[in-house]
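We count residues from 1, following the sequence as given. Note that this is a predicted model, so its numbers are computed, not measured.
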Amino acid sequence: MGASNFDAKTLSGENERYRAHVGELKERYGFDFATLGLAAFPGAPLKWLYSAGDTSNRHRRIVLAPGHGVGGIVLKTGKPMVFSDIDRELDPREYSSYPIVFAEDLRSLCALPVTKEGRIVGVLLCAFRIEHDDHLRTFHELARNLGGSFCDLGVITDDFLDFAWANDIEGEGEAGRMVVRSDLSRTIAAQEDERRRISRELHDGVAQELLTTSFKLRQLADTVDDEGCRLLDEALDSIDSVLDELHNISVMLRPSSLDHLGFLAALRSQATVLEKTYGCAVSIEGNLSHERFDRAMETQAYRICQEAMTNASKYSGADEVVVQVEEAGDWIHVSVSDCGCGFNVDSPEVRGSGCGILGMRERAALIGAAFDIKSGPHDTRVTIAAPMYPTSNAGNAPDAKEKR
């Protein structure tokens, strides 16, 4: 087998070693169902080929394009997925989007990407047909004991898709729990990736081209008459205005400081943009003992604060917005407050195109944070309290893998 292709023998289901190992996993951990799916080449559909505990052949007829169904999503993202209680965590109207769940009547499952020479080539799925609190612990044990390999394949067992561990699975008295992302959460994640891409294109592409054009125009100053100089100055002023606007848009989309400098620096950058845009003073008070945190925490906490800061600047009528940041044990507390007109929290008027209160609550849930919003006739305060995972590397939380 090459790095990106499986031969016909493998795909026809004749590799008994894979089949035997799938059966061994089922028996060892007591799974009701276990299966290995493979794709013939990158971008090819995934087929469930080697199974144990299956109730019929229906699942073998399932062919998943990348991005569809449990297997297709895991295959496309290269990240593991876990459902601990499908009836609770998945809208029944979505069952048809997850055919393996329906075909084998699954209630909890763990799907792990498998690799061959560094490429994602398939999915290892283990599941139960009943819901039980111990299942997350079993999935944790499976991921730990696999040690990153299955037969001659690699297995990815960290950075779970759509889930954030809320408690230490090894903690006393409680099994680890996960905070599950809903449809809105998956949309939020996709939007964040798109924001980052567009922001970089604006900064590294459009803005740089405008700067180059501006430089070339300035070189013409000595070759034109007075009227030409006047027109050049107007053109250069227009380019400078466009560059300023591009910078503001880029910061609103995804400030580079969030990726390179961290949460607090991004808040200060956002405050500067809001002051220039809406004329409302935005002050950032407090400090943190660490500059960088887990990327998910930084991103979602920042988006919540950005939404609250923007709403206060645009709609409250207040002259000042105050953002207070502080630490308390292993938690980061942030509040965004103003002395403006307030609004009805239970039935807010839909204004603008931001994520709104529902979106802020959803983002808080993704990182296991507490979220609260209070508003009266003369003031509004939005607060979040999020668990801190300090790290010197913005892309990783050192404790996160241990909690899996």
Side-chain angles (χ1 to χ4, degrees), residues 21-37 46 48 50-56 58-60 62 64 68-75 77-114 122-146 150 155-171 173-183 185-186 365-366 368 400-401 403-404:
H21 277 70
V22 168
E24 289 172 6
L25 284 183
K26 174 183 176 297
E27 296 303 319
R28 177 178 179 181
Y29 296 96
F31 296 127
D32 295 317
F33 176 68
T35 184
L36 174 67
L46 178 132
W48 301 112
Y50 313 103
S51 303
D54 40 317
T55 58
S56 70
R58 284 185 300 172
H59 74 285
R60 297 184 187 279
I62 297 172
L64 296 170
H68 297 276
V70 171
I73 292 172
V74 172
L75 184 71
T77 62
K79 294 184 178 182
M81 175 184 287
V82 170
F83 284 108
S84 60
D85 182 353
I86 287 172
D87 287 341
R88 176 173 57 85
E89 298 163 4
L90 189 64
D91 189 327
R93 291 171 296 181
E94 294 187 39
Y95 283 1
S96 60
S97 299
Y98 298 86
I100 192 71
V101 171
F102 178 79
E104 285 296 326
D105 192 25
L106 307 181
R107 289 295 175 269
S108 60
L109 63 85
C110 176
L112 305 173
V114 297
V123 178
L124 177 64
L125 183 147
C126 300
F128 295 97
R129 293 191 176 93
I130 61 172
E131 183 277 328
H132 195 281
D133 291 342
D134 286 342
H135 290 171
L136 280 179
R137 190 179 297 277
T138 302
F139 294 144
H140 167 75
E141 183 181 354
L142 167 70
R144 182 184 60 199
N145 291 342
L146 283 173
F150 178 80
V155 181
I156 297 175
T157 57
D158 58 8
D159 193 18
F160 275 71
L161 180 70
D162 292 344
F163 298 91
W165 289 84
N167 297 309
D168 188 343
I169 199 164
E170 302 293 353
E174 291 188 20
R177 297 188 296 113
M178 294 178 178
V179 179
V180 185
R181 291 184 182 178
S182 65
D183 282 347
S185 310
R186 287 189 286 271
L366 296 181
K401 290 184 179 179
K403 294 189 180 202
R404 294 189 180 101

Run the side-chain contact (heavy atoms from CB on, under 4.5 Å) test against Arg129 and tell me which residues pass, sequence neighbours left out. Asp32, Phe33, Thr55, Glu104, Leu106
side-chain contact (heavy atoms from CB on, under 4.5 Å) partners of Asn145, counting only residues at least two apart: Arg28, Tyr29, Glu141
In short, Pro80 meets Leu112 closest at the heavy-atom pair CB-CD2, 3.7 Å
Gap between atom NE2 of His135 and atom OG of Ser84 - 0.5 Å precision: 10.0 Å
Out of curiosity, Thr157 OG1 to His140 NE2, how far, rounded to the nearest 0.5 Å? 10.0 Å
Where do Gly69 and Pro99 come nearest, in terms of heavy atoms and distance? CA-CD, 4.3 Å
Would you compute the distance between atom CG of Leu125 and atom CG of Leu25 and round it to the nearest 0.5 angstrom? 11.5 Å
Side chains of Phe83 and Phe139: does their closest heavy-atom pair fall under 4.5 Å? no
Nearest 0.5 Å, what's the CZ-CZ distance between Phe128 and Arg107? 14.0 Å
Sorted by chain and number, sequence neighbours left out, side-chain contact (heavy atoms from CB on, under 4.5 Å) with Glu24 holds for His21
Which pair of heavy atoms, one from Gly53 and one from Lys26, lies closest together, and at what distance? CA-CE, 3.4 Å
Residues that His59 engages under side chain to side chain donor-acceptor pair (under 3.5 Å), provided they are two or more places apart: Ser51
Starting at CG of Leu136, measure out to SG of Cys110 and round the result to the nearest 0.5 Å. 9.0 Å
Over all atoms of both residues, closest heavy-atom pair of Val74 and Ala111: CG2-CB, 3.9 Å
Among Leu46, Leu75, Leu109, the one residue meeting side chain to side chain contact (heavy atoms under 4.5 Å, CB included) with Val70: Leu109
Scanning both residues in full, the closest heavy-atom pair of Cys126 with Leu142 reads SG-CD2, 3.9 Å
Out of curiosity, Asp85 CG to Asp133 CG, how far, rounded to the nearest 0.5 Å? 9.0 Å
With sequence neighbours left out, what residues match Arg60 under salt bridge (charged side-chain N to carboxylate O under 4.0 Å, His left out)? Asp54
